[in-house]
Amino acid sequence: DTGVSQNPRHKITKRGQNVTFRCDPISEHNRLYWYRQTLGQGPEFLTYFQNEAQLEKSRLLSDRFSAERPKGSFSTLEIQRTEQGDSAMYLCASSLWDRLHTEAFFGQGTRLTVV
Amino acid sequence: QQPVQSPQAVILREGEDAVINCSSSKALYSVHWYRQKHGEAPVFLMILLKGGEQKGHDKISASFNEKKQQSSLYLTASQLSYSGTYFCGTGRQAGNMLTFGGGTRLMVKP
């Protein structure tokens, strides 16, 4: 499978715990995006990387959220001290940015439930 | 500010046509269309770029009015597999993050 891969697919955690999600993009893609989606809503931008550089973070992203892409390949998204409001689907997408081809392809997502 | 999609929901019979609209108050570089089925990832359908370039699905067409910052997705001769929620995502620069609309739920019945 050469698509975007996310792990785990589902995560249930207790409020206050830390969680980490992983995203493996399509291999030649240099841009990687994280989005959050709640039921009945469109995906909401969180942050994105070009190679290992984090280029933009949403103002909605609190200090409890951090993302890395250390070697410009896979990325991790960590949420510290989870709250019930963090329950959502966390989607990763990747694209090959070369000024002409900017379509992004999404992974299956990680569904987080904070209890 | 997120783009506005209309209609919010539509029900079709197999073989009927539908149009989904996406409108932004901001100047756009690109409009991206995705379809998402329940519990699954959004699937890329179409990208429309400022200047007229398009790329996407063979059986789905779309338009992008750069002056009005509006895009429309045209679904012709709908099939059962077209059911799902359609999202438009707007980009203000090439390769940047997308801002998604609230979605249009499409149901195709036999």
Side-chain angles (χ1 to χ4, degrees), chain A residues 1 3-7 9-10 23-26 29-51 53-61 67 88-111 113, chain B residues 1-6 8-9 20 22-24 26 28-57 60 62 64 71 73 84-105:
Chain A
D1 185 20
V4 178
S5 176
Q6 291 188 245
N7 288 287
R9 293 290 307 278
H10 303 274
C23 171
D24 288 90
I26 294 171
H29 283 185
N30 53 5
R31 288 208 169 177
L32 186 149
Y33 311 80
W34 285 99
Y35 289 85
R36 177 172 63 191
Q37 187 177 28
T38 54
L39 197 62
Q41 301 296 316
E44 177 184 45
F45 169 74
L46 294 178
T47 187
Y48 86 97
F49 296 82
Q50 177 160 319
N51 300 314
Q54 189 172 20
L55 296 188
E56 189 169 348
K57 289 172 59 173
S58 167
R59 290 172 295 171
L60 301 174
L61 206 64
M89 174 75 85
Y90 289 83
L91 292 166
C92 174
S94 69
S95 70
L96 177 62
W97 184 73
D98 63 0
R99 298 192 180 187
L100 292 177
H101 300 94
T102 59
E103 63 268 38
F105 297 93
F106 281 87
Q108 295 290 325
T110 295
R111 181 170 295 283
T113 302
Chain B
Q1 193 166 6
Q2 70 175 167
V4 177
Q5 287 187 234
S6 63
Q8 288 187 320
I20 301 172
C22 175
S23 179
S24 173
K26 306 282 188 180
L28 300 176
Y29 172 80
S30 63
V31 179
H32 305 231
W33 287 96
Y34 290 84
R35 177 172 60 218
Q36 186 176 32
K37 294 183 183 285
H38 183 69
E40 298 181 8
V43 173
F44 171 77
L45 295 176
M46 174 79 70
I47 180 174
L48 302 104
L49 302 177
K50 185 178 179 180
E53 183 176 348
Q54 295 187 14
K55 210 164 65 162
H57 205 283
I60 294 174
F64 179 21
S71 178
L73 185 71
T85 302
Y86 289 77
F87 292 101
C88 69
T90 56
R92 300 192 64 194
Q93 296 179 34
N96 269 20
M97 41 71 84
L98 299 178
T99 302
F100 285 90
T104 296
R105 296 183 67 179

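Residue numbers begin at 1 in each chain, while the letters A, B, ... track the order of the sequences. Quick note: numbers below take in every heavy atom, side chains included, and nothing from hydrogens, waters or symmetry partners.
- Atoms CE and OG1, on A/M89 and A/T38 in that order, are 11.0 Å from each other to the nearest 0.5 Å.
- Ranked by heavy-atom pairs under 4.5 Å with chain A, the list B/P42, B/G103, B/G102 is led by B/P42.
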What donor-acceptor contacts under 3.5 angstrom involve side-chain atoms of residues 84-95 of chain B, with partners at least two apart or in another chain?
residue, atom, partner, partner atom, Å
B/Y86, OH, B/R35, NH1, 3.0
B/Y86, OH, B/Y82, O, 2.6
B/T90, OG1, B/T99, O, 3.2
B/R92, NE, B/A27, O, 3.4

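- A/Q6 contributes a side-chain N or O that, together with a main-chain N or O of A/C92, makes up a donor-acceptor pair within less than 3.5 Å.
- Residue B/Q5 does not touch chain A at all, counting heavy-atom pairs closer than 4.5 Å.
- Remark: A/N7 engages A/S5 in a side chain to side chain contact (heavy atoms under 4.5 Å, CB included) (not counting sequence neighbours).
- Against chain B, the residues from residues 41-48 of chain A that qualify, each with a non-hydrogen atom under 4.5 angstrom away, are A/Q41, A/G42, A/P43, A/F45, A/Y48 in number order.
- For A/A93, the side chain to side chain contact (heavy atoms under 4.5 Å, CB included) partners two or more places apart in sequence, or in a different chain, are A/Y33, A/A104, A/F106.
- With a 4.5 angstrom heavy-atom cutoff, A/Q37 touches chain B only via side-chain atoms.
- Side-chain atoms of B/S71 and B/W33, non-hydrogen and from C-beta on, do get closer than 4.5 Å to each other.
- Taken to the nearest 0.5 Å, the CZ atom of A/F49 stands 9.0 Å off from the NZ atom of A/K57.
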